[in-house]
Amino acid sequence: MQENLVIVESPAKAKTIEKFLGENFLVKSSYGHIRDLAKKNLGIDIEHNFLPEYIVSDDKVKVVQELKSLVKKAKVVWLASDEDREGEAIAWHLSEVLGLDSSKTKRIVFHEITKDAIQNAIKNPRNVDLNLVNAQQARRILDRLVGFELSPLLWKKVKPSLSAGRVQSVAVRLIVEREREIMAFQQTSSFKVSGIFEPNAKEYQLKAELDKRFDGKAQAQDFLQRCIGASFSISNVDKKPGKRSPAAPFTTSTLQQEAGRKLGYSVSQTMTIAQKLYEAGLITYMRTDSVNLSDTAIKAAQKAVVSMFGADYHNARQYKTKAKGAQEAHEAIRPTYMENSTIEGTNQEKKLYELIWKRTLASQMSDAITEKTTITIGAPSLAEKFIAAGEVVKFDGFLKVYKESADDESAEDEAEVLLPPIKVGEAQNAIEISAIQRYSQRPPRYAESSLVKKMEELGIGRPSTYAPTISTIINRGYVIKEDRAGYEREFESLILKKGKITEKLSKENYGAEKSKLFPSDIGMLVTDFLSEYFGNIMNYDFTAKVEKDFDVIAEGKLKWEEMIRKFYQNFHKDVEQTMENSTPTKGERTLGVDPKTGKVVSVRIGRFGPIAQIGSSDEEPVYAGLLKGQLIETITLEEALKLFDFPRNLGEFEGKVVQVGIGRFGPYVKHASKYVSIPKTDSPGEISLERAVELIEAKRKADIEKVIQIFAGDPEIQVLNGRFGPYIAYDGANYKIPKGTDPKLLTADECVALIKSQASTVKPKSKGKAAAKKSSEKASTKKSATKAKSTAKTTAKKAK
DNA sequence: CAGTGAGCGAGCTTCCGCTTGACTT
């Protein structure tokens, strides 16, 4: 029997540590926090000095039970949760819940999982730091107060089931404000001039840009005119050495950004894949804000760099974490074994691993040495000058393995330009000089990863919450992640060639978006509402400010109850006053008058989303839902009136009417009481009968392909092709087909057997939402279905 | 899944940060 029980937060970590500690230590995991504020009411007794009511979380009851029994058998309990505010609180909750006697309890910390670090920790135990615990309690209670007082305000004044919080509401604000910047953006254009030059002997060509742009076409034209007959020559050559340094090893946020930019992963995808790598022991912990590498890792990287590229390429570096509010409980994200440049696993896992491996390796490599050459070309008759710039990498250093990507996709990829040896004074002939109209760029919309970057800069949210926060604001309908088609615009070019200027009008596409975050009407409405009445909480500095208070509490120089009281006094007063004085808001906006009826046209948020309305509410108005991408804030009268053209008859097909309409899920074509969605690339206002028939036929084909098998004896049982591959549908529920089974060869009897062997994985279609959520566990596989779960299962079945 | 948008009233929703699975048609 082990005399020592060590409790860490993560089970994967427990496994590793057990190996380092030897037989006399049993290492278990708490699976994160084990207790939280009670969910009913506030979970905080405001009358009694904000006394928190903590309850063991449902999914932790078993964990706590097991730990309790192990504690009884142990002589010493080592609380080894993470070395940060939350970790300290976990240690404290554990000692409270497990009833740990301080004489047999020791608190230890380490922020790297190496044998030395852990044995060192065991040699230097301390007590739970109650000041740090109190700082966590203040954080927790503040978040609960803000979330549970603001959300009900929104239910009452805006719409039920909405939510507000210190983190999510500010994240939404970022997206809303960016959208408004884009709305307010005034596009301007100017003429950018570039030239291609060649010396008399024609041994090379130089592409150079003019040092100024022209606002108008006339000026550009005038300049090209002045270039005719000008005698160009090299007026200056300037060489400057430069260097580039590698980026720091990955934190959660930078990993999410680079995986998004380089691999196209969403933030939550990146985290799921990283979790797999972590559990397989391939990388260190993936939720971290630290760029720190352990000495062991730095040495391993050195070995790898030197053996692969030679000593010249190595440069040991230790990076400093700059992120606001970083707690640095863990190392940076790095491979556990630097010698593994690739791994076994899925393609996605391999790619993410290689990204991490390269980034880590590069962080321990030499700077790249470059040389920048700037060549100036001028003519005596011209005040303006052409500049050709080139950069040559003299020594590649870390660039051999890794180059960081940029968010700004418009930043032209500065390809390496090798400039020929050039003498000052050498005459040049202008082969071609062109002036091209270029537009100013609007601010970019946020992608998931650039939002995370911004949040980290502001100190809002933590590595463990970036991905869930994005899910929350999308699920609440505040934000929509989608693609948008771009627009076409014209631009002019003036080209001087062989002494003649020609003009050209061309078209280009701009503004197309892929997987970007757009605010919804409700997101804008809630942001405005909260900003009006709770400016302090919506302030980008709010988190940073309260963090300062938490730090003072952690130092023992401020009582947490004092801090909370001071905050709550004003906050609660604002909540009460807003509840009383503000009028419910639907974001209503009047657009004008309908020329047909003379009635007022307005838009607002209705029960099922944004709607347009003709006529005021006391004169039997007509309604139409807004289309995807349309906003209450920006829709025009003309666009709104178009919405009332639906449903519209397009004509007949196979003797039945073809209709185009707009439903809850967007525009659709209806034919013979069947519906087909109209893809985004088509405009429902202009769709033709031919196109509609095309869609109907495509849908029919897809429906046929959907059915793999139907059995003559049992028409109830169907083998279908779904989003996740083939499955069996029977009696409104769906069943899995085991891997390796050919769905085409299944017999009816085999299907029945599969149906019987699997508890229904689905959904009484009625109202049993809560029940459906908890139901379904494959009875056969998992070793012990808990009692609670099996009861839930029967309820779910009955609910049907 | 897809023509909805009244009004009443009961009962419910909700936060942020630690952790994993369970599960998706």
Side-chain angles (χ1 to χ4, degrees), chain A residues 8-13 29-37 39 42-43 57 59-60 63 81-82 84-87 89-90 93 136 139-155 159-169 272 275 279 287 329 460-466 468-469 472 476 543 604-613 617 620-625 646-647 659 661-670 673-677 706 720-729 733-736 761-763 769-770 773-778 782 789:
Chain A
V8 295
E9 291 182 36
S10 151
K13 198 167 163 181
S29 154
S30 75
Y31 292 81
H33 274 294
I34 54 159
R35 282 205 306 189
D36 192 15
L37 293 174
K39 272 223 166 45
L42 260 185
S57 321
D59 53 339
K60 298 296 161 58
V63 176
S81 45
D82 296 344
D84 58 16
R85 202 162 61 201
E86 298 297 326
I90 288 173
H93 281 298
Q136 192 274 347
R139 198 279 305 155
R140 179 68 192 90
I141 287 163
L142 177 104
D143 283 337
R144 171 56 68 85
L145 290 171
V146 170
F148 275 38
E149 295 217 355
L150 286 188
S151 299
L153 202 53
L154 295 180
W155 306 341
K159 199 183 148 175
S161 299
L162 293 176
S163 64
R166 172 178 59 84
V167 172
Q168 59 169 284
S169 297
T272 311
Q275 175 93 26
E279 282 169 14
R287 290 188 273 263
I460 297 165
R462 303 277 311 135
S464 69
T465 61
Y466 295 135
T469 301
T472 301
R476 294 270 177 280
T543 292
R604 65 181 166 89
I605 295 203
R607 205 147 80 81
F608 304 106
I611 51 167
Q613 172 177 346
S617 295
E620 289 197 10
V622 269
Y623 301 100
F646 302 102
Q659 234 180 21
I662 290 167
R664 197 145 99 68
F665 304 98
Y668 62 87
V669 171
K670 187 182 175 190
S673 68
K674 284 208 167 169
Y675 294 87
V676 186
S677 291
K706 191 183 157 195
L720 303 177
N721 218 343
R723 201 146 62 92
F724 302 102
Y727 66 100
I728 299 168
N734 300 325
Y735 304 87
K736 286 177 192 163
T761 51
V762 159
K763 105 204 154 201
K769 232 179 21 187
K773 225 178 180 175
K774 280 203 167 181
S775 77
S776 77
E777 175 151 3
K778 267 192 283 171
K782 294 286 170 236
K789 269 188 182 155

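Here is the naming used below: chain letters follow the sequence lines, and residue numbers restart at 1 for every chain. Any value given below was found using the heavy atoms of this structure, including those in side chains, with hydrogens, waters and symmetry copies removed.
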### Task
Apply ring-ring contact (aromatic ring centres under 6.0 Å, His included) to A:His93 and list each qualifying residue two or more places apart in sequence or on a separate chain.
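Here the qualifying residues are A:Tyr54.
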
### A:Tyr623: partners by ring-ring contact (aromatic ring centres under 6.0 Å, His included), with sequence neighbours left out
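Applying ring-ring contact (aromatic ring centres under 6.0 Å, His included) to A:Tyr623 gives none.
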
#### Entry: Gap separating the CG atom of A:Leu154 from the OG atom of A:Ser169, nearest 0.5 angstrom
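One gets 7.5 Å once the value is rounded to the nearest 0.5 Å.
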
### Message
Applying side chain to side chain donor-acceptor pair (under 3.5 Å), can you list everything that pairs with A:Ser151, at least two apart in sequence or on another chain?
### Response
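Per chain and number, A:Ser151 pairs via side chain to side chain donor-acceptor pair (under 3.5 Å) with no residue.
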
### Task
Using the side chain to side chain contact (heavy atoms under 4.5 Å, CB included) rule, take A:Arg140 and A:Asp36 through it: C-alpha gap first, then chi angles, then the decisive distance, then the call.
CA-CA 9 Å; A:Arg140 179 68 192 90; A:Asp36 192 15; 2.8 Å; yes

### Distance below 4.0 Å between A:Tyr675 side-chain N/O and B:dG3 OP1 or OP2
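Looking at the OP1 and OP2 atoms of B:dG3, one of them is under 4.0 Å from a side-chain N or O of A:Tyr675.
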
### Query
For the side chain of A:Ser29 and the backbone of A:Glu9, is there at least one donor-acceptor N/O pair under 3.5 Å apart?
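Yes; judged by distance alone, with no hydrogens or angles, the pair exists.
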
### Message
For the backbone of A:His33 and the side chain of A:Lys60, can you confirm whether one donor and one acceptor N or O come within less than 3.5 Å of each other?
### Response
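Checked: pair present.
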
Minimum-distance nucleotide (side-chain atoms of [X] versus [options]):
{"X": "A:Pro11", "options": "B:dA6, B:dA2, B:dT20", "result": "B:dT20"}
{"X": "A:Arg166", "options": "B:dC16, B:dT19, B:dA2", "result": "B:dC16"}
{"X": "A:Arg144", "options": "B:dT19, B:dG5, B:dC15", "result": "B:dC15"}
{"X": "A:Tyr623", "options": "B:dA6, B:dC16, B:dG17", "result": "B:dA6"}
{"X": "A:Ser10", "options": "B:dT20, B:dC16, B:dC18", "result": "B:dT20"}
{"X": "A:Lys60", "options": "B:dG17, B:dG5, B:dT19", "result": "B:dT19"}
{"X": "A:Arg287", "options": "B:dA6, B:dC18, B:dT19", "result": "B:dT19"}
{"X": "A:Glu279", "options": "B:dC15, B:dA6, B:dG21", "result": "B:dG21"}

Using a cut-off of 4.0 Å on non-hydrogen atoms, how would the nucleic acid contact of [X] be classed: base, sugar-phosphate, or nothing?
{"X": "A:Arg85", "answer": "nothing"}
{"X": "A:Gly461", "answer": "sugar-phosphate"}
{"X": "A:Gly32", "answer": "base"}
{"X": "A:Val146", "answer": "nothing"}
{"X": "A:Asp82", "answer": "sugar-phosphate"}
{"X": "A:Pro621", "answer": "nothing"}
{"X": "A:Gly43", "answer": "nothing"}

Without decimals, in angstroms, what is the distance between [X] [atom1] and [N] [atom2]?
{"X": "A:Arg607", "N": "B:dA6", "atom1": "CZ", "atom2": "C1'", "result": "9 Å"}
{"X": "A:Leu145", "N": "B:dC16", "atom1": "CG", "atom2": "C1'", "result": "12 Å"}
{"X": "A:Tyr31", "N": "B:dA22", "atom1": "OH", "atom2": "P", "result": "10 Å"}
{"X": "A:Leu142", "N": "B:dG17", "atom1": "CG", "atom2": "P", "result": "11 Å"}
{"X": "A:Phe646", "N": "B:dG3", "atom1": "CZ", "atom2": "P", "result": "15 Å"}
{"X": "A:Lys674", "N": "B:dG3", "atom1": "NZ", "atom2": "P", "result": "17 Å"}
{"X": "A:Ile34", "N": "B:dT20", "atom1": "CD1", "atom2": "P", "result": "16 Å"}
{"X": "A:Asp143", "N": "B:dG17", "atom1": "CG", "atom2": "P", "result": "6 Å"}

### Query
Taking only Watson-Crick and G-U wobble pairs with both distances under 3.5 Å, what dot-bracket line describes DNA chain B, where [ ] shows pairs that cross earlier ones and | shows pairs with another strand?
.........................

### Donor-acceptor pair (no angle test) under 3.5 Å: A:Arg462 side chain, B:dC16 base
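There is none.
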
Would you list the protein and nucleotides 11-14 of chain B atom pairs, both N or O, that sit under 3.5 Å from each other?
{"from": "B:dT13", "atom 1": "O2", "to": "A:Ser161", "atom 2": "N", "distance (Å)": "2.5"}
{"from": "B:dT13", "atom 1": "O2", "to": "A:Ser161", "atom 2": "OG", "distance (Å)": "3.3"}

### Task
List the atom of A:Pro463, the atom of A:Arg287, and the distance in Å for their closest heavy-atom pair.
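Minimum heavy-atom contact is CB-C, 3.9 Å.
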
### Task
Could you walk me through whether A:Ile611 and A:Arg604 pass side chain to side chain contact (heavy atoms under 4.5 Å, CB included), step by step?
CA-CA 6 Å; A:Ile611 51 167; A:Arg604 65 181 166 89; 3.7 Å; yes

### Query
How would you list, by chain and number, every residue that makes a salt bridge (charged side-chain N to carboxylate O under 4.0 Å, His left out) with A:Glu86, sequence neighbours excluded?
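For A:Glu86 the salt bridge (charged side-chain N to carboxylate O under 4.0 Å, His left out) partners, ignoring immediate neighbours, are A:Arg139.
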
